[in-house]
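Working notes, beginning with the structure itself.
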Amino acid sequence: MKLILLGAPGAGKGTQAEILSRMLNIPTISTGNILRAAMKNGTPVGLKAKEYVESGKLVPDDVIIGIVRERLSEDDCKNGYILDGMPRTIPQAEALEKVGIDIDTALSIEISDETIIERMAGRRTCKDCSTTFHIVSNPPKVEGKCDNCGGELVIRKDDSPETVKARLATYHTETEPLKDFYSKRGKLKTVDNQATVEQTTAEVKKALGL
Ligand code: AMP
(Lines give C-alpha, C1' and ligand atoms only; values in the text may rest on other atoms or scores of the structure.)
Protein backbone atom coordinates (compact mmCIF):
# COMPACT_ATOMS: atom_id res chain seq x y z
CA MET A 1 0.00 0.00 0.00
CA LYS A 2 1.23 3.47 -0.91
CA LEU A 3 -0.54 5.86 1.36
CA ILE A 4 -0.42 9.61 1.92
CA LEU A 5 -1.66 11.02 5.21
CA LEU A 6 -3.12 14.51 4.95
CA GLY A 7 -4.35 16.72 7.75
CA ALA A 8 -3.46 19.78 9.76
CA PRO A 9 -0.43 19.79 12.06
CA GLY A 10 -1.54 17.96 15.20
CA ALA A 11 -4.34 16.03 13.49
CA GLY A 12 -2.68 12.78 14.51
CA LYS A 13 -0.98 11.83 11.22
CA GLY A 14 2.27 10.78 12.89
CA THR A 15 0.51 8.68 15.54
CA GLN A 16 -1.74 6.92 13.03
CA ALA A 17 1.19 6.45 10.63
CA GLU A 18 3.17 4.63 13.34
CA ILE A 19 0.22 2.33 14.07
CA LEU A 20 -0.39 1.59 10.39
CA SER A 21 3.33 1.02 9.78
CA ARG A 22 3.41 -1.71 12.41
CA MET A 23 0.13 -3.21 11.23
CA LEU A 24 1.07 -3.30 7.54
CA ASN A 25 4.80 -3.79 8.00
CA ILE A 26 5.71 -0.88 5.75
CA PRO A 27 7.82 2.17 6.63
CA THR A 28 6.55 5.64 7.41
CA ILE A 29 8.42 8.41 5.71
CA SER A 30 7.93 11.55 7.77
CA THR A 31 9.51 14.61 6.18
CA GLY A 32 9.18 16.46 9.50
CA ASN A 33 11.17 13.73 11.31
CA ILE A 34 13.79 13.63 8.54
CA LEU A 35 14.18 17.42 8.74
CA ARG A 36 14.41 17.40 12.54
CA ALA A 37 17.12 14.72 12.41
CA ALA A 38 19.00 16.74 9.76
CA MET A 39 18.73 19.87 11.91
CA LYS A 40 19.96 18.01 15.00
CA ASN A 41 22.94 16.65 13.06
CA GLY A 42 23.69 20.01 11.43
CA THR A 43 23.71 18.61 7.89
CA PRO A 44 23.48 21.02 4.90
CA VAL A 45 19.76 20.15 4.52
CA GLY A 46 19.27 20.72 8.25
CA LEU A 47 20.95 24.11 8.16
CA LYS A 48 18.81 25.15 5.20
CA ALA A 49 15.57 23.92 6.83
CA LYS A 50 16.05 25.35 10.31
CA GLU A 51 14.69 28.88 9.85
CA TYR A 52 11.62 27.63 7.99
CA VAL A 53 10.76 24.85 10.44
CA GLU A 54 11.26 26.99 13.52
CA SER A 55 9.00 29.76 12.23
CA GLY A 56 6.26 27.39 11.06
CA LYS A 57 6.89 27.98 7.34
CA LEU A 58 7.25 25.33 4.66
CA VAL A 59 10.70 24.25 3.58
CA PRO A 60 11.23 24.90 -0.18
CA ASP A 61 9.75 22.21 -2.42
CA ASP A 62 13.05 21.31 -4.11
CA VAL A 63 14.65 20.40 -0.76
CA ILE A 64 11.69 18.19 0.21
CA ILE A 65 11.39 16.51 -3.18
CA GLY A 66 15.09 15.61 -3.10
CA ILE A 67 14.81 14.09 0.39
CA VAL A 68 11.71 12.04 -0.46
CA ARG A 69 12.94 10.73 -3.79
CA GLU A 70 16.12 9.51 -2.15
CA ARG A 71 14.25 7.86 0.75
CA LEU A 72 11.66 6.14 -1.49
CA SER A 73 14.40 4.54 -3.57
CA GLU A 74 15.59 2.55 -0.53
CA ASP A 75 14.91 -1.16 -0.34
CA ASP A 76 12.40 -1.12 2.51
CA CYS A 77 9.97 0.94 0.40
CA LYS A 78 9.54 -1.80 -2.21
CA ASN A 79 6.32 -3.17 -0.71
CA GLY A 80 4.74 0.17 0.05
CA TYR A 81 5.04 3.10 2.43
CA ILE A 82 3.17 5.77 4.28
CA LEU A 83 4.02 9.38 3.53
CA ASP A 84 3.45 11.55 6.61
CA GLY A 85 3.71 15.28 6.00
CA MET A 86 4.48 15.09 2.29
CA PRO A 87 3.17 16.31 -0.13
CA ARG A 88 2.31 19.56 1.55
CA THR A 89 1.84 21.68 -1.60
CA ILE A 90 0.37 21.09 -5.06
CA PRO A 91 3.86 21.37 -6.68
CA GLN A 92 5.11 18.61 -4.33
CA ALA A 93 2.19 16.37 -5.35
CA GLU A 94 2.85 17.11 -9.03
CA ALA A 95 6.54 16.33 -8.53
CA LEU A 96 5.65 12.90 -7.12
CA GLU A 97 3.50 12.18 -10.17
CA LYS A 98 6.19 13.44 -12.52
CA VAL A 99 8.76 10.98 -11.21
CA GLY A 100 6.25 8.12 -11.44
CA ILE A 101 5.40 7.80 -7.74
CA ASP A 102 1.83 6.63 -7.95
CA ILE A 103 0.06 6.49 -4.62
CA ASP A 104 -3.08 4.40 -3.92
CA THR A 105 -4.85 6.56 -1.37
CA ALA A 106 -4.63 9.99 0.23
CA LEU A 107 -6.28 9.80 3.63
CA SER A 108 -7.20 13.09 5.27
CA ILE A 109 -7.72 13.29 9.03
CA GLU A 110 -10.20 16.12 9.66
CA ILE A 111 -10.06 18.21 12.82
CA SER A 112 -10.99 21.78 13.79
CA ASP A 113 -8.36 24.47 14.37
CA GLU A 114 -9.67 25.03 17.93
CA THR A 115 -9.13 21.38 18.86
CA ILE A 116 -5.61 21.50 17.41
CA ILE A 117 -4.60 24.58 19.37
CA GLU A 118 -5.84 22.94 22.59
CA ARG A 119 -4.19 19.68 21.75
CA MET A 120 -0.76 20.91 20.70
CA ALA A 121 -0.20 22.31 24.18
CA GLY A 122 -0.09 18.71 25.47
CA ARG A 123 2.07 17.20 22.77
CA ARG A 124 5.46 15.77 23.75
CA THR A 125 8.03 14.46 21.29
CA CYS A 126 10.97 12.13 21.88
CA LYS A 127 14.24 14.02 21.48
CA ASP A 128 15.92 10.91 20.07
CA CYS A 129 13.41 8.96 17.93
CA SER A 130 10.64 11.59 17.33
CA THR A 131 7.80 9.38 18.59
CA THR A 132 4.98 11.64 19.78
CA PHE A 133 2.83 11.38 22.91
CA HIS A 134 0.11 13.47 24.50
CA ILE A 135 0.04 14.11 28.22
CA VAL A 136 -3.72 13.33 28.38
CA SER A 137 -4.83 11.29 25.37
CA ASN A 138 -1.69 9.25 24.67
CA PRO A 139 0.60 9.41 27.71
CA PRO A 140 3.93 7.59 27.87
CA LYS A 141 4.19 4.67 30.32
CA VAL A 142 6.80 6.59 32.35
CA GLU A 143 6.35 10.37 32.57
CA GLY A 144 8.85 12.28 30.45
CA LYS A 145 10.34 9.14 28.86
CA CYS A 146 9.78 7.64 25.43
CA ASP A 147 8.10 4.17 25.41
CA ASN A 148 10.12 3.21 22.33
CA CYS A 149 13.68 4.16 23.20
CA GLY A 150 13.67 5.69 26.69
CA GLY A 151 14.67 9.09 25.25
CA GLU A 152 13.67 12.35 26.90
CA LEU A 153 10.28 13.78 25.88
CA VAL A 154 10.35 17.47 24.99
CA ILE A 155 8.03 20.15 23.62
CA ARG A 156 8.92 20.78 19.99
CA LYS A 157 9.99 24.38 19.40
CA ASP A 158 7.43 24.74 16.63
CA ASP A 159 4.60 23.50 18.90
CA SER A 160 4.44 26.87 20.69
CA PRO A 161 0.96 28.48 20.31
CA GLU A 162 2.16 31.31 17.98
CA THR A 163 3.98 28.90 15.68
CA VAL A 164 1.04 26.48 15.70
CA LYS A 165 -1.19 29.33 14.45
CA ALA A 166 1.29 30.08 11.64
CA ARG A 167 1.45 26.39 10.73
CA LEU A 168 -2.36 26.18 10.64
CA ALA A 169 -2.55 29.19 8.32
CA THR A 170 0.03 27.56 6.04
CA TYR A 171 -1.94 24.32 6.14
CA HIS A 172 -5.15 26.00 4.99
CA THR A 173 -3.56 27.93 2.12
CA GLU A 174 -0.88 25.52 0.88
CA THR A 175 -1.83 21.99 1.91
CA GLU A 176 -5.61 21.81 2.11
CA PRO A 177 -6.00 22.26 -1.70
CA LEU A 178 -4.42 18.79 -1.98
CA LYS A 179 -7.75 17.29 -0.89
CA ASP A 180 -9.28 18.56 -4.11
CA PHE A 181 -6.20 17.43 -6.08
CA TYR A 182 -6.56 13.82 -4.87
CA SER A 183 -10.35 13.88 -4.92
CA LYS A 184 -10.24 14.67 -8.66
CA ARG A 185 -8.05 11.58 -9.08
CA GLY A 186 -10.54 9.42 -7.11
CA LYS A 187 -7.94 8.81 -4.38
CA LEU A 188 -9.19 10.87 -1.46
CA LYS A 189 -10.64 9.31 1.69
CA THR A 190 -11.50 11.30 4.79
CA VAL A 191 -11.99 10.43 8.44
CA ASP A 192 -12.97 12.63 11.36
CA ASN A 193 -10.50 12.77 14.20
CA GLN A 194 -11.99 11.04 17.27
CA ALA A 195 -11.58 11.62 21.00
CA THR A 196 -9.00 8.85 21.44
CA VAL A 197 -6.17 7.45 19.34
CA GLU A 198 -7.84 4.00 19.30
CA GLN A 199 -11.15 5.39 18.03
CA THR A 200 -9.38 7.32 15.27
CA THR A 201 -7.45 4.17 14.30
CA ALA A 202 -10.76 2.29 14.04
CA GLU A 203 -12.08 4.95 11.63
CA VAL A 204 -8.83 4.91 9.64
CA LYS A 205 -8.98 1.12 9.29
CA LYS A 206 -12.61 1.29 8.19
CA ALA A 207 -11.79 3.93 5.55
CA LEU A 208 -8.88 1.88 4.22
CA GLY A 209 -10.84 -1.39 4.26
CA LEU A 210 -8.41 -3.03 6.73
P1 AMP B 1 5.69 18.06 10.69
O2 AMP B 1 6.48 17.28 11.65
O3 AMP B 1 5.15 17.24 9.55
O4 AMP B 1 4.62 18.90 11.35
O5 AMP B 1 6.71 19.11 10.00
C6 AMP B 1 7.38 20.09 10.78
C7 AMP B 1 7.89 21.20 9.88
O8 AMP B 1 8.81 20.67 8.90
C9 AMP B 1 6.84 21.90 9.04
O10 AMP B 1 6.17 22.94 9.78
C11 AMP B 1 7.68 22.46 7.90
O12 AMP B 1 8.43 23.59 8.30
C13 AMP B 1 8.65 21.34 7.65
N14 AMP B 1 8.12 20.33 6.67
C15 AMP B 1 7.82 19.02 6.90
N16 AMP B 1 7.38 18.42 5.80
C17 AMP B 1 7.39 19.36 4.82
C18 AMP B 1 7.03 19.37 3.44
N19 AMP B 1 6.55 18.27 2.83
N20 AMP B 1 7.18 20.52 2.75
C21 AMP B 1 7.67 21.64 3.33
N22 AMP B 1 8.01 21.71 4.62
C23 AMP B 1 7.88 20.59 5.38
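First listed ligand is number 1; within each ligand, the first listed atom is number 1.
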(request) Using salt bridge (charged side-chain N to carboxylate O under 4.0 Å, His left out) as the criterion, list what pairs up with Arg119, not counting sequence neighbours. (result) none
Once you restrict both partners to nitrogen or oxygen, which atoms of ligand 1 have a protein partner under 3.5 Å, and how far apart are they?
| from | atom 1 | to | atom 2 | distance (Å) |
| --- | --- | --- | --- | --- |
| ligand 1 | 2 (O) | Arg36 | NH1 | 3.0 |
| ligand 1 | 2 (O) | Arg36 | NH2 | 3.0 |
| ligand 1 | 2 (O) | Arg156 | NH1 | 3.4 |
| ligand 1 | 2 (O) | Arg156 | NH2 | 3.4 |
| ligand 1 | 3 (O) | Arg88 | NH1 | 3.1 |
| ligand 1 | 3 (O) | Arg88 | NH2 | 3.1 |
| ligand 1 | 4 (O) | Arg88 | NH2 | 3.1 |
| ligand 1 | 4 (O) | Arg156 | NH2 | 3.4 |
| ligand 1 | 4 (O) | Arg167 | NH2 | 2.9 |
| ligand 1 | 5 (O) | Arg88 | NH2 | 3.4 |
| ligand 1 | 12 (O) | Lys57 | O | 2.5 |
| ligand 1 | 16 (N) | Thr31 | OG1 | 2.7 |
| ligand 1 | 16 (N) | Gly85 | O | 3.3 |
| ligand 1 | 16 (N) | Arg88 | NH1 | 3.1 |
| ligand 1 | 19 (N) | Gly85 | O | 2.8 |
| ligand 1 | 19 (N) | Gln92 | OE1 | 3.0 |
| ligand 1 | 20 (N) | Gln92 | NE2 | 2.8 |
| ligand 1 | 22 (N) | Val59 | N | 3.0 |

(request) Please check if atom CG in Asp76 has more than 12 non-hydrogen atoms from other residues, nucleotides or ligands closer than 6.0 Å. (result) yes
(message) Pair Asn193, Thr115 - check side chain to side chain donor-acceptor pair (under 3.5 Å), show working.
(response) CA-CA 10 Å; Asn193 170 75; Thr115 310; over 6 Å; no
(request) Sequence neighbours left out, what passes salt bridge (charged side-chain N to carboxylate O under 4.0 Å, His left out) with Lys2? Give chain and number order. (result) none
(message) Restricting to salt bridge (charged side-chain N to carboxylate O under 4.0 Å, His left out), what partner residues turn up for Glu110, sequence neighbours left out?
(response) Lys179
(message) Just verifying a value: how many Å separate Thr175 OG1 and Gln92 CD, rounded to the nearest 0.5 Å?
(response) 8.0 Å
